[in-house]
Enquirer: 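Submitted below is the structure of interest, expressed as structure tokens.
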Amino acid sequence: MVTVLSLWLPILLAAVAVFLVSSVIHMVLTYHRSDFRGVPNETAVMDALRPFNIPPGEYVLPWADTPAARQSPEFLDKANKGPVAFVTALPPGIPGMGASLAQWFGYCVLVGIFAAYVASRTLLPGEDYLQVFRITGTVAFAGYGLALIQNSIWYKRAWSTTAKSVFDALLYGFFTGGVFGWLWP
């Protein structure tokens, strides 16, 4: 039997591999640069929102807190006039990357732990590389990519943006599967 603890090295090395691949994707390759766009007349929009001192968080415009409120004439009028938006507000200033990168690495480790768990319950010691690759790569792909599809379904994120991120997840799954297959006991 293979234990999750015995897989600590592939868990960590897969996390490092995914971290490095994602760094190349976002810093060298350019296909994610079109994921976001600026709003028309950005300065006027920012100047108009600034006096509200919106706290960091996620918001929707227009807002209704109950199904009944969503049917009210006032809400329907606001929705029909627009704009309709999902907004994520951050604190003022340039967002620091350190904490986000540390959280991303922690997430990569977490996905590796789940891949290790599933593999440890389904594979034997000495298992064939390709079988280890399939199991751990599939779990990693699911962990990195499938939940992103909800953002296009419910929050209207561009399907092209989601497709690019799901493609990234496929690459992360390949690298995770490769590391686990290489280091499988």
Enquirer: Just jot down the side-chain hydrogen bond (donor to acceptor under 3.5 Å, both in side chains) partners of S6, sequence neighbours excluded, or say none.
Expert: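 Partners of S6 under the side-chain hydrogen bond (donor to acceptor under 3.5 Å, both in side chains) test: T3.
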Enquirer: Can you check whether D65 reaches W63 side chain to side chain, under 4.5 Å on heavy atoms?
Expert: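 Side chain of D65 against side chain of W63, heavy atoms only: contact under 4.5 Å found.
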Enquirer: For residues 35-43, tabulate all N or O donor-acceptor pairs below 3.5 Å that involve a side-chain atom, not counting sequence neighbours.
Expert:
unit_1 : atom_1 : unit_2 : atom_2 : d
D35    : OD1    : K164   : NZ     : 2.8
D35    : OD2    : H32    : ND1    : 2.6

Enquirer: Side-chain polar contacts of residues 89-114 - donor-acceptor pairs under 3.5 angstrom, sequence neighbours left out - could you list them?
Expert:
unit_1 : atom_1 : unit_2 : atom_2 : d
W104   : NE1    : S22    : OG     : 2.9
Y107   : OH     : G143   : O      : 2.5

Enquirer: Does Q150 have any side-chain hydrogen bond (donor to acceptor under 3.5 Å, both in side chains) partners at least two apart in sequence or in another chain, and if so, which?
Expert: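 Q150 satisfies side-chain hydrogen bond (donor to acceptor under 3.5 Å, both in side chains) with no other residue.
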Enquirer: What residues, two or more places apart in sequence or in another chain, satisfy side-chain hydrogen bond (donor to acceptor under 3.5 Å, both in side chains) together with Y31?
Expert: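 Here the qualifying residues are D168.
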Enquirer: Is any side-chain heavy atom of V132 less than 4.5 Å from a side-chain heavy atom of W182?
Expert: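 V132 does not reach W182 side chain to side chain.
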Enquirer: Check whether S152 reaches the backbone of R157 with its side chain - one donor and one acceptor, N or O, closer than 3.5 Å.
Expert: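 Yes, the answer is positive, given that a donor and an acceptor are paired below the 3.5 Å cut-off.
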Enquirer: Is the closest side-chain heavy-atom distance between I25 and Y172 below 4.5 Å?
Expert: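 Yes, at least one pair of side-chain atoms sits under 4.5 Å.
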Enquirer: Quick one, V166 and Y144 - any side-chain contact, counting heavy atoms below 4.5 Å?
Expert: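 Contact flag for V166/Y144 side chains = no.
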Enquirer: Under 3.5 Å, which donor-acceptor pairs do the side chains of residues 116-124 form with other protein atoms, sequence neighbours left out?
Expert:
unit_1 : atom_1 : unit_2 : atom_2 : d
S120   : OG     : A116   : O      : 3.3
S120   : OG     : Y117   : O      : 2.8
T122   : OG1    : V118   : O      : 2.9

Enquirer: Is any side-chain heavy atom of F86 closer than 4.5 Å to one of L61?
Expert: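 Heavy-atom side-chain distance check fails, nothing below 4.5 Å.
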